[in-house]
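Since the structure comes first, as structure tokens, the remarks are kept for the end.
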Amino acid sequence: MRWLTVILLLVALACSSCGFRQSGAEKIAVLDWNKVLEAHPDQVRLKRMKEEYNLLLEKRQEQEARGKVQVASLARLHQLKETSRRSYKTADYMVRLSERQAEEERQLAEKEAAVAGQAERELVSERQAVEDKYALTIFNLRLKLEGLKLNKDERARTNTELEQVLLARDRDRMAVESHKQALVTERMQADRQAMQDRMAAYAKELQGGLDDRSDEAARKDKELFRKAPESLQALLGSVDRELDKRQQEIELLEKSIQQDVGSIVMKLAKEKGYTIVFHKYKANISADDITQPVIQDLQKLLQRRKLADGLNKKADAEAAVRGQAAK
């Protein structure tokens with residue numbers, strides 16, 4: 001007898017028009033490959049594994065979608081915090097600077113008041129000289145207006161003269177006041193410059209401190225924002241590895257099922273002397289349907305495996321008991 005040739009066709013054979021001719025030396029069989037595969041008891045486990053794989057895949061897709069939304073929200077929050085931080089930084093800077101400015105000006109005003117008092121005491125004689133210069137003239141003109149009977153023209157001339165004297169006195173008074181202000185300004189110049197220098201130094205110090213705190217907070221936020229996508233990818237990566245593992249297990253089980261069926265078909269073909277076994281056909285040829293015999297042998301094969309597994313487990317348990325007793 002010639003060596004057995006097994007042909008598993010994935011498409012149906014054509015009808016009699018395909019031109020197939022069976023020779024007298026060939027014994028042909030056919031089986032419903034899909035039906036046999038479905039009858040394999042491991043199909044229940046395979047179906048469960050596929051369902052679990054698809055469920056895990058759906059969860060992975062949902063997790064990715066949620067993660068992307070969370071990362072986008074985190075980016076918006078990060079930007080909002082940066083904006084708020086800059087606003088707070090500016091407000092805090094201005095408040096602190098204003099407080100120091102107010103204190104410096106208060107101290108400067110106290111010093112200036114003291115300097116002005118000293119200048120006023122120094123200018124007492126100058127002020128008195130101005131008053132003395134115009135006092136008699138003003139007194140006489142007012143006395144003339146109040147004590148004498150003047151006609152209209154004389155009264156007008158006297159009033160004009162009095163106004164001119166008063167204006168002259170006011171100019172001299174203003175000159176003394178200007179002299180005082182000049183003295184105060186000169187004597188306070190060093191103090192004002194010192195205040196400005198202190199304010200500039202404080203502003204620089206304050207800005208540096210705010211920058212340091214702001215930079216540290218921004219660095220921490222940036223680090224958290226950078227880790228978020230990495231954490232998402234790490235999570236998805238672990239799920240992807242689990243999916244790959246389960247996909248390999250599914251493929252191994254499918255291969256095992258096909259190998260079981262193939263080995264039974266080969267065994268049965270040798271026993272019955274089939275030289276050709278068709279997977280599926282639609283042709284006007286004479287062929288034995290071995291679908292049910294293959295299914296029956298498949299059940300017997302799996303029963304033998306279960307029995308062997310049970311014996312192996314029993315032997316392992318007995319060996320463990322003996323090991324415990326030996327200890």
Side-chain angles (χ1 to χ4, degrees), residues 6-14 29-75 227-269 274 277-282 287-320:
V6 180
I7 304 177
L8 301 178
L9 301 178
L10 298 179
V11 293
L13 294 176
V30 67
L31 80 156
D32 188 334
W33 180 261
N34 291 332
K35 185 176 181 181
V36 173
L37 291 179
E38 288 296 327
H40 196 293
D42 281 345
Q43 284 291 345
V44 176
R45 183 158 64 99
L46 180 62
K47 181 179 179 181
R48 184 176 64 253
M49 290 170 64
K50 288 183 177 180
E51 289 175 349
E52 291 174 351
Y53 175 87
N54 291 331
L55 181 61
L56 182 60
L57 181 61
E58 290 178 1
K59 289 184 177 180
R60 193 265 186 205
Q61 293 170 344
E62 292 175 359
Q63 183 64 49
E64 182 179 18
R66 286 197 302 269
K68 288 181 178 178
V69 172
Q70 291 171 354
V71 170
S73 299
L74 184 61
K227 288 182 177 179
E230 294 179 357
S231 300
L232 175 61
Q233 291 303 318
L235 175 62
L236 296 179
S238 64
V239 177
D240 288 339
R241 288 190 293 272
E242 180 64 22
L243 286 171
D244 291 340
K245 177 183 175 183
R246 296 195 181 196
Q247 180 64 35
Q248 292 176 2
E249 293 173 351
I250 289 172
E251 292 174 355
L252 288 174
L253 184 56
E254 288 177 335
K255 184 178 180 180
S256 175
I257 291 173
Q258 293 178 357
Q259 288 175 343
D260 287 344
V261 174
S263 63
I264 291 175
V265 171
M266 291 286 289
K267 177 178 175 293
L268 187 60
Y274 297 117
V277 178
F278 287 113
H279 174 195
K280 186 181 292 185
Y281 76 98
K282 289 183 180 181
D288 297 336
D289 189 343
I290 61 172
T291 301
Q292 289 303 320
V294 171
I295 292 176
Q296 292 171 1
D297 285 353
L298 185 61
Q299 295 294 331
K300 294 177 183 178
L301 173 63
L302 296 173
Q303 289 175 0
R304 289 195 297 272
R305 286 183 180 176
K306 289 181 180 179
L307 179 60
D309 291 341
L311 293 174
N312 290 334
K313 290 180 180 179
K314 182 178 180 181
D316 292 341
E318 291 175 352

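Distance alone, capped at 3.5 Å, is enough to place a donor-acceptor pair between the Q43 side chain and the L37 backbone.
When the side chain to side chain donor-acceptor pair (under 3.5 Å) test is applied to T291, the partners found at least two apart in sequence or on another chain are D289. For D260, the side chain to side chain donor-acceptor pair (under 3.5 Å) partners are H40, R305, not counting sequence neighbours. For D297, the salt bridge (charged side-chain N to carboxylate O under 4.0 Å, His left out) criterion is met by no residue, not counting sequence neighbours. A search for side chain to side chain donor-acceptor pair (under 3.5 Å) contacts involving Q299 returns nothing, not counting sequence neighbours.
How far CG of N54 is from NZ of K59: 12.5 Å, rounded to the nearest 0.5 Å. E62 CD to E58 CD: the interatomic distance, rounded to the nearest 0.5 Å, is 6.5 Å.
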Donor-acceptor contacts, no H, no angles, side chain residues 238-253, under 3.5 Å, sequence neighbours left out:
from: S238; atom 1: OG; to: L235; atom 2: O; distance (Å): 2.6
from: D240; atom 1: OD1; to: R60; atom 2: NE; distance (Å): 2.9
from: D240; atom 1: OD1; to: R60; atom 2: NH2; distance (Å): 3.4
from: D240; atom 1: OD2; to: R60; atom 2: NH2; distance (Å): 3.0
from: E242; atom 1: OE2; to: R246; atom 2: NE; distance (Å): 2.9
from: Q247; atom 1: NE2; to: E251; atom 2: OE2; distance (Å): 3.2

Show which side-chain atoms of residues 44-52 pair as donor or acceptor with protein atoms under 3.5 Å away, not counting sequence neighbours.
from: K50; atom 1: NZ; to: E254; atom 2: OE2; distance (Å): 3.0

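Considering all non-hydrogen atoms of both residues, L236 and E64 come closest at CD1-CG, 3.8 Å. Residue L268 comes nearest to Y274 through the heavy atom pair O-CD1, 4.2 Å, listed as atom of the first residue, atom of the second, then distance.
Across V36, I290, I264, a single residue satisfies side chain to side chain contact (heavy atoms under 4.5 Å, CB included) together with I295, and that is V36.
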